[in-house]
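Residue numbers count from 1 along this sequence.
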Amino acid sequence: MARKYGIVVAAAGLAAVVGLTGCGKGGDGDEKSDDKKSDKAASSAPAPAGGGLEKLSGKEISDRAKKELQSATALRFKMTGTKGAESMSVDLAMDKQGNCVGTVGTGTEGTAEVIKIGDQVWMKADEKLWKAKAGPQAAELLKGRYIHGPASDPKLKGMTTGCDLAVLQAKVGSGGDSGKEVTKGAATTVDGQPVVPISADGTTISVASTGRPYPLKIDKSTDGSSVRLTDWNKPVQPKTPPADQTIDIDKLKKPTAGGAL
């Protein structure tokens, strides 16, 4: 079930950051910059105070946003978009310790609650989703219950990859210099917070221009998806579901369970 549903789609939003922050050329309208000394200074110097981010090049802003994302201890990842013709939504709070809690869903197939504590995972899907992915028998068996198992389990692994901040940060860190130009837009606001948008290859990232230069919003024109990144460095404290509401995934693989998974 997890392979088909795949909440690893959550990583798609941060993949946009990989593509943008890995770009090598910088620009803001008519002005372009690929000065290596300038880029190095932008990466190491503190963010300008009082909204001075707009004075930097697109590449310099991109470097700062990447640095904040890679050093974050926790964040909340909220995405709306489509996968093919299917609308999808993801709302996950995650940290570098492997903790994660939130929901994922599709417009037609239902919603699932996800809890990850270290290397252990719990997932509770609604009846609609179970029927779509595993059939009515499984839907009845699992109604109101969590599936529990290790993050390494093949049927849960696709889910846990998109629910682990350290994994997503590693993807950002592996982004090389693509050579794509990063352009800078006019200063604006996101939810009332001042930002400077930077764009490349159909992706626009709105970077906070006051306080720390966090990437706050990611919009992709190619698929219409939108990502919000909030609750920066806020502790994630998921609770273990009650034992009487949990079914071990190994039991569901046995013939006596009716081959539910």
(request) Output yes when a side-chain donor or acceptor of D126 lies under 3.5 Å from a complementary backbone atom of L129, and no otherwise. (result) yes

(request) Could you tell me whether the side chain of N99 and the main chain of G118 form a donor-acceptor pair under 3.5 Å? (result) yes

(request) Could you tell me whether the side chain of S209 and the main chain of P194 form a donor-acceptor pair under 3.5 Å? (result) yes

(request) Rounded to the nearest 0.5 Å, what's the gap from CG on L156 to SG on C163? Could you check? (result) 11.0 Å

(request) Please examine the side chains of S199 and T183, heavy atoms only from C-beta on, and report whether any two atoms are closer than 4.5 Å. (result) yes

(request) Mind checking the CG-CG spacing from L75 to L69? Nearest 0.5 Å is all I need. (result) 6.5 Å

(message) I need the Q169 CD to K66 NZ distance, nearest 0.5 Å.
(response) 12.0 Å

(request) Among residues two or more places apart or on two chains, list those pairs meeting side-chain hydrogen bond (donor to acceptor under 3.5 Å, both in side chains) that have a residue in residues 236-247. (result) none

(message) So that I can tick it off, tell me whether K67 and D63 are bridged by a salt bridge, with the cut-off set at under 4.0 angstrom between side-chain N and carboxylate O.
(response) no

(message) Show every side-chain hydrogen bond (donor to acceptor under 3.5 Å, both in side chains) that has at least one partner inside residues 186-196, sequence neighbours left out.
(response) D191-R228

(message) Would you compute the distance between atom CG of L92 and atom CG of L168 and round it to the nearest 0.5 angstrom?
(response) 9.5 Å

(request) Find out whether I115 and V101 are in side-chain contact, i.e. whether some heavy atom of one side chain is under 4.5 Å from a heavy atom of the other. (result) yes

(message) So which atom in V182 and which in S62 form the shortest heavy-atom distance, rounded to 0.1 Å?
(response) CG1-CB, 4.5 Å

(request) Just do the side-chain contact (heavy atoms from CB on, under 4.5 Å) check on I147 and W122 with the steps written out, would you? (result) CA-CA 5 Å; I147 290 178; W122 292 260; over 6 Å; no

(request) Please name the pair of heavy atoms, one in P197 and one in A186, separated by the smallest distance, quoted to 0.1 Å. (result) CD-O, 3.2 Å

(request) Please determine if R64 and E68 form a salt bridge, counting it only when a charged side-chain N lies under 4.0 Å from a carboxylate O. (result) no

(message) Using every non-hydrogen atom in the two residues, find where I249 and G149 come nearest and quote the distance to one decimal.
(response) CG2-CA, 4.0 Å

(request) Walk me through it: do D219 and T204 pass the test side chain to side chain donor-acceptor pair (under 3.5 Å)? (result) CA-CA 5 Å; D219 295 298; T204 297; over 6 Å; no

(request) Kindly indicate whether the side chain of I218, heavy atoms from C-beta on, has any atom under 4.5 Å from the side chain of T203. (result) yes

(request) Under the side chain to side chain donor-acceptor pair (under 3.5 Å) rule, what do D91 and T103 come out as? Steps first, then yes or no, please. (result) CA-CA 5 Å; D91 188 352; T103 60; 5.1 Å; no

(message) Assigning hydrophobic clusters by single linkage (Ile, Leu, Val, Met, Phe, Trp, Tyr; side-chain heavy-atom cutoff under 4.5 Å), is V167 placed with V90?
(response) no

(request) Looking only at non-hydrogen atoms, find the nearest pair between A93 and V236 and report the distance. (result) O-CG1, 3.8 Å

(request) For K116 and A151, indicate whether the former's side chain and the latter's backbone hold a donor-acceptor pair under 3.5 Å. (result) no

(request) Working to the nearest 0.5 Å, report the span between NZ of K96 and CG of N233. (result) 10.0 Å

(message) Return the NZ to CD1 distance between K184 and I198, rounded to the nearest 0.5 Å.
(response) 10.5 Å

(message) On a heavy-atom basis, which atom in D164 and which in D95 lie closest, and how many Å separate them?
(response) OD1-O, 4.5 Å

(request) Please tell me if the side chains of L56 and I61 come closer than 4.5 Å, counting only heavy atoms from C-beta onward. (result) yes

(request) Would you kindly confirm whether L141 and M123 end up in one hydrophobic cluster when ILVMFWY residues are joined by side chain heavy atoms under 4.5 Å apart? (result) yes

(message) With a sphere of 6.0 Å drawn around NZ of K124, does it hold more than 12 non-hydrogen atoms of other residues, nucleotides or ligands?
(response) yes

(message) Going by ring pair (Phe, Tyr, Trp, His ring centres under 6.0 Å), name the residues that satisfy it together with Y214, two or more places apart in sequence or in a different chain.
(response) W232

(request) Identify the heavy atoms of A72 and L165 that sit nearest to each other, and give their distance. (result) O-CD2, 3.7 Å

(message) Donor-acceptor pair, distance only, cut-off 3.5 Å: does the side chain of S221 make one with the backbone of G202?
(response) yes

